[in-house]
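Note that the numbering runs from 1 along the sequence shown for the chain. Note that the structure is predicted; figures quoted are calculated from it, not measured. Just so you know, these numbers use all the heavy atoms, side chains as well, and skip hydrogens, waters and symmetry mates.
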Amino acid sequence: MILKNFIVFEGIDGAGTSTQIKKIVESNPEKFCATAEPTSGPTGLFLRKMLAGDFKVDEKTNSYLFAADRCEHIYGKNGVIETINKGKVVISDRYLFSSLAYQSISCGKELPELLNSPFPLPEYLFFFEINPEISLSRVNARNEKKEIYEKIDLQKKIATMYEEIISDYEKNADKNQIKIIRIDASKSIEEITTFIKETLQNI
């Protein structure tokens, strides 16, 4: 199932998805609404602490928690569907594709695929492609505490998994009806913003 007026930005850490969502929403706040996963709800805040390395949970538990947070994100109060019904176009920084990429590395593909299979797909997916070494250098430049996945060996594995997942969705585009737009995330912020705006105007 496709969720109309729902757009997702995906990519490894440091790919620039957050920066671009902020710019797109600021360009037309009446039309666009920004959201993100993990969410700012109780489960999402718990997940952010886990990602920060404050504590550890079993990787399978991790998958269940992300799915629970996603359920609230889509169906909960002030969630994606409610916001779309108010006439907004929702752009999310990460969605189920992140779980398929990140959690599949740690606990295998079967559980993330099962937990995320009921969720609707976005109408459009912007996939930010970038060399993990370049993206991680951006993360390092922030001078902030790193999250548990922000390590070069993991980012390389996640980038490979992302490519596999996105390619599978592209091959089955006629069936799943999702529209995928690839972005060269190594380009300048201004170039990428212009490309996204032009693409959104055309669609």
Side-chain angles (χ1 to χ4, degrees), residues 1-39 70 73-74 80 83-84 86-102 119-142 144 147 149-150 152 155-203:
M1 172 185 147
I2 292 290
L3 191 54
K4 294 287 186 180
N5 294 323
F6 182 38
I7 300 169
V8 170
F9 285 16
E10 288 277 5
I12 60 176
D13 296 279
T17 56
S18 302
T19 298
Q20 292 301 327
I21 288 177
K22 182 179 179 182
K23 286 188 169 294
I24 297 302
V25 173
E26 286 177 348
S27 72
N28 193 343
E30 295 299 315
K31 179 178 182 180
F32 297 109
C33 176
T35 186
E37 292 187 0
T39 68
R70 184 160 297 124
H73 182 211
I74 296 294
V80 172
T83 304
I84 289 172
K86 291 178 181 177
K88 292 274 194 177
V89 175
V90 176
I91 307 180
S92 179
D93 190 357
R94 299 189 181 280
Y95 187 48
L96 61 85
F97 311 96
S98 288
S99 281
L100 296 177
Y102 282 72
F119 292 114
L121 292 174
E123 188 172 9
Y124 297 96
L125 166 63
F126 286 80
F127 178 49
F128 287 57
E129 299 178 288
I130 192 167
N131 184 305
E133 292 185 357
I134 296 174
S135 63
L136 202 57
S137 69
R138 294 177 178 178
V139 173
N140 292 334
R142 297 173 188 164
E144 298 174 353
E147 293 187 345
Y149 290 112
E150 292 173 342
I152 189 61
Q155 288 297 303
K156 287 180 177 178
K157 291 178 182 178
I158 293 164
T160 299
M161 186 61 68
Y162 253 132
E163 177 58 37
E164 182 180 319
I165 291 161
I166 300 303
S167 294
D168 283 345
Y169 275 99
E170 287 174 328
K171 290 173 185 175
N172 294 287
D174 290 341
K175 184 175 77 171
N176 57 46
Q177 297 182 310
I178 187 173
K179 298 176 181 66
I180 298 172
I181 299 99
R182 289 177 179 258
I183 290 177
D184 180 356
S186 66
K187 291 185 176 181
S188 70
I189 292 173
E190 293 74 20
E191 285 179 299
I192 295 170
T193 302
T194 299
F195 174 78
I196 294 172
K197 284 182 178 180
E198 290 176 349
T199 303
L200 290 175
Q201 286 176 349
N202 290 333
I203 61 180

Q. Can you check salt bridge (charged side-chain N to carboxylate O under 4.0 Å, His left out) on Glu190 and Lys23, steps first, answer last?
A. CA-CA 10 Å; Glu190 293 74 20; Lys23 286 188 169 294; 5.6 Å; no

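Residues passing the salt bridge (Lys or Arg N to Asp or Glu O under 4.0 Å) test with Glu191, sequence neighbours excluded: none. Taking the ring pair (Phe, Tyr, Trp, His ring centres under 6.0 Å) definition, one finds that Phe32 meets it with nothing, sequence neighbours left out. Listed by chain and number, the residues in a salt bridge (Lys or Arg N to Asp or Glu O under 4.0 Å) with Lys86 are Glu82 (sequence neighbours excluded). Residues satisfying the side chain to side chain contact (heavy atoms under 4.5 Å, CB included) criterion with Arg138, sequence neighbours excluded, are Ile130, Ile134. For Asp184, the side chain to side chain donor-acceptor pair (under 3.5 Å) partners two or more places apart in sequence, or in a different chain, are Ser186.
The backbone N or O of Glu164 sits nowhere less than 3.5 Å from a side-chain atom of Ser167 that would complete a donor-acceptor pair. Judged by distance alone, with hydrogens and angles left aside, the side-chain atoms of Lys88 form no donor-acceptor pair with the main-chain N or O of Asn5 at under 3.5 Å.
Note that CD of Glu150 and CD of Glu144 are 8.5 Å apart. Values are rounded to the nearest 0.5 Å. Atom CG of Leu121 sits about 6.0 Å away from atom CG of Asn176, to the nearest 0.5 Å. Note: Ile183 CD1 to Ile192 CD1 = 6.5 Å, rounded to the nearest 0.5 Å. Note that CD1 of Ile84 is 4.0 Å distant from CG of Leu3, once rounded to the nearest 0.5 Å. In this structure, the separation between OG on Ser137 and CD1 on Ile152 is 9.0 Å, given to the nearest 0.5 Å.
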Check residues 7-21 and write down every donor-acceptor pair under 3.5 Å in which the side-chain atom is one partner and the other belongs to a residue at least two apart or another chain.
residue : atom : partner : partner atom : Å
Glu10   : OE1  : Ser98   : OG           : 2.6
Glu10   : OE1  : Tyr162  : OH           : 2.5
Glu10   : OE2  : Tyr95   : N            : 2.7
Glu10   : OE2  : Ser98   : N            : 3.2
Glu10   : OE2  : Ser98   : OG           : 3.4
Asp13   : OD2  : Tyr102  : OH           : 2.8
Asp13   : OD2  : Gln155  : NE2          : 2.8
Thr17   : OG1  : Asp93   : OD1          : 2.8
Ser18   : OG   : Asp93   : OD2          : 2.4
Gln20   : OE1  : Thr193  : N            : 3.3
Gln20   : OE1  : Thr193  : OG1          : 2.7
Gln20   : NE2  : Ile189  : O            : 3.2
Gln20   : NE2  : Thr193  : OG1          : 3.4

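For the residue pair Asn172 and Asp168, the shortest heavy atom distance occurs at ND2-O, 2.8 Å. Closest approach of Pro120 to Leu96, counting heavy atoms only: O-CD2, 4.1 Å. The shortest non-hydrogen separation linking Ile178 to Pro122 is CG1-O, 3.4 Å. Listed here is the closest heavy atom pair of Ala101 and Ile165: N-CD1, 3.4 Å.
In summary, of the residues considered (Phe126, Phe127, Phe119, Tyr169), a ring pair (Phe, Tyr, Trp, His ring centres under 6.0 Å) with Phe97 occurs for Tyr169 alone. Of the listed residues (Thr39, Ile74, Thr35, Val80), just one forms a side chain to side chain contact (heavy atoms under 4.5 Å, CB included) with Ser92, and that residue is Thr35.
A 4.5 Å side-chain heavy-atom check between Tyr124 and Leu200 finds every atom pair outside the cut-off. The side-chain heavy atoms of Gln177 and Met1, taken from C-beta on, include no pair separated by under 4.5 Å.
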